[in-house]
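Worksheet for the structure shown next.
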Amino acid sequence: MTEDDERWMRLALEVARAKGSDPSTSPLGCVIVRDGQVLAAERNQTHELPDATAHAEMMAIRRACEELGDMELRGATLYSTLQPCGMCTMASIWSKVGRVVYGAEGADVHPMYFEAHGVDTLAFVTHAYRDDITIEGGCLRQECAELYYGPDADLPQDEQANL
């Protein structure tokens, strides 16, 4: 990871905390950058809209494409505070993002944050769809993981979003 990667991930952390940092609300932040310019910076908005597809990455991809007037984000880097889910990873593929950098990964957080336990959707996508996308994890990993419930948190079943 570079200093620029850390700088953009810190912005994603700031965006994630913009409306509070209660881990039950999945406070994800996402920033899309190209040529040193922020194209979009969004947080999860699933509860506010309400829209199950309003993940931070999906919202940022939408905003960046609107900003550019183009559905392709070639040469852009998507920064996410948490490893993107399958839906967000596929949106990155279809929008032709060149690079995905994420902070915390599945093992760092409670299983409720992921839809497919034991399936690495990022590896699936990189092997099945494109060979021109780079996916890197662990940028400010600990800081990002602190936004979410820990992997062994004892949570009531009705508070676990994806279980």
Side-chain angles (χ1 to χ4, degrees), residues 8-9 11-13 15-19 21-34 38-68 70-139 141 144-145 147-149 151 155 157-163:
W8 298 124
M9 187 60 75
L11 178 57
L13 282 160
V15 169
R17 294 182 186 115
K19 294 281 184 167
S21 56
D22 180 347
S24 68
T25 64
S26 300
L28 273 80
C30 179
V31 175
I32 299 178
V33 177
R34 185 167 70 184
V38 175
L39 299 178
E42 296 287 338
R43 60 179 178 75
N44 259 15
Q45 298 174 48
T46 54
H47 295 289
E48 296 93 328
L49 289 181
D51 178 350
T53 68
H55 291 194
E57 300 93 336
M58 298 292 288
M59 298 302 292
I61 289 169
R62 288 176 187 146
R63 297 299 167 257
C65 290
E66 288 170 0
E67 175 70 22
L68 295 173
D70 191 348
M71 64 181 253
E72 292 189 2
L73 300 173
R74 291 184 188 276
T77 299
L78 181 149
Y79 294 91
S80 179
T81 56
L82 184 62
Q83 177 180 330
C85 71
M87 175 181 67
C88 295
T89 303
M90 288 304 296
S92 297
I93 296 298
W94 286 106
S95 65
K96 298 188 175 35
V97 165
R99 184 169 173 243
V100 174
V101 176
Y102 63 89
E105 60 184 42
D108 301 324
V109 300
H110 194 276
M112 72 176 259
Y113 297 108
F114 290 92
E115 76 284 347
H117 308 292
V119 175
D120 184 345
T121 56
L122 295 180
F124 169 78
V125 169
T126 57
H127 290 99
Y129 290 93
R130 286 181 45 203
D131 60 4
D132 63 340
I133 186 169
T134 303
I135 300 174
E136 301 176 66
C139 183
R141 184 178 187 169
C144 290
L147 289 171
Y148 314 104
Y149 290 121
L155 305 173
Q157 189 71 22
D158 62 341
E159 290 183 27
Q160 298 183 38
N162 290 324
L163 299 179

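Keep in mind that the numbers below use all heavy atoms, side chains included, and drop hydrogens, waters and symmetry copies. Small disclaimer: the values here were computed from a predicted structure and weren't measured. Numbers here simply count residues along the sequence, with the first being 1.
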Item to check | Test item: side-chain donor near acceptor, T53 and R62, under 3.5 Å | outcome: yes
Item to check | Approximate separation, where rounding is to 0.5 Å, of K96 NZ and I133 CD1 | outcome: 10.5 Å
Next on the checklist: What I'd like to find out is whether the side chain of S80 reaches to under 4.5 Å of the side chain of L78, using heavy atoms alone.
Outcome noted: yes
Checklist entry - Which heavy atom in P23 sits nearest to a heavy atom in Y113, and how many Å separate them? => result O-OH, 2.8 Å
Item to check | Partners passing side chain to side chain donor-acceptor pair (under 3.5 Å) against T25 (at least two apart in sequence or in another chain) | outcome: none
Item to check | Between Y79 and Y102, ring centroids under 6.0 Å | outcome: no
Checklist entry - Do the non-hydrogen side-chain atoms of C139 and M9 ever get within less than 4.5 Å of each other? => result yes
Checklist entry - At their closest point, which heavy atom of S95 faces which heavy atom of S92, and how far apart are they? => result OG-O, 3.3 Å
Checklist entry - Of all residues at least two apart in sequence or in a different chain, which pass the side chain to side chain contact (heavy atoms under 4.5 Å, CB included) check with A40? => result A60, R63, A64
Checklist entry - Of all heavy-atom pairs between C144 and G103, which one has the smallest distance, and what is that distance? => result SG-CA, 3.8 Å
Next on the checklist: Checking D70 now: which residues fulfil side chain to side chain donor-acceptor pair (under 3.5 Å) with it, not counting sequence neighbours?
Outcome noted: none
Checklist outcome for this item: Between N44 and S26 the two heavy atoms that sit nearest each other are ND2-O, 3.0 Å
Tabulate below the donor-acceptor pairs under 3.5 Å that side-chain atoms of residues 27-34 make, not counting sequence neighbours, or state none.
from : atom 1 : to  : atom 2 : distance (Å)
R34  : NH1    : R74 : O      : 3.0

Next on the checklist: Between V38 and W8, is there a side-chain heavy-atom distance shorter than 4.5 Å?
Outcome noted: yes
Next on the checklist: R17: which residues meet the side chain to side chain contact (heavy atoms under 4.5 Å, CB included) condition with it, sequence neighbours left out?
Outcome noted: L13, S21, L147
Next on the checklist: Tell me every residue that passes side chain to side chain contact (heavy atoms under 4.5 Å, CB included) with A54, counting only those two or more places apart in sequence or in another chain.
Outcome noted: Q45, T46, L49, D51, M59
Next on the checklist: One pair to check against side-chain contact (heavy atoms from CB on, under 4.5 Å): D108 and Y148. What are the steps and the verdict?
Outcome noted: CA-CA 9 Å; D108 301 324; Y148 314 104; over 6 Å; no
Checklist entry - Would you call R43 and E57 a salt bridge, using N to O less than 4.0 angstrom? => result no
Checklist entry - Do the side chains of M112 and L155 get nearer than 4.5 Å, heavy atoms only? => result yes
Item to check | Residue from L73, T89, T77, T134 passing side chain to side chain contact (heavy atoms under 4.5 Å, CB included) with V97 | outcome: L73
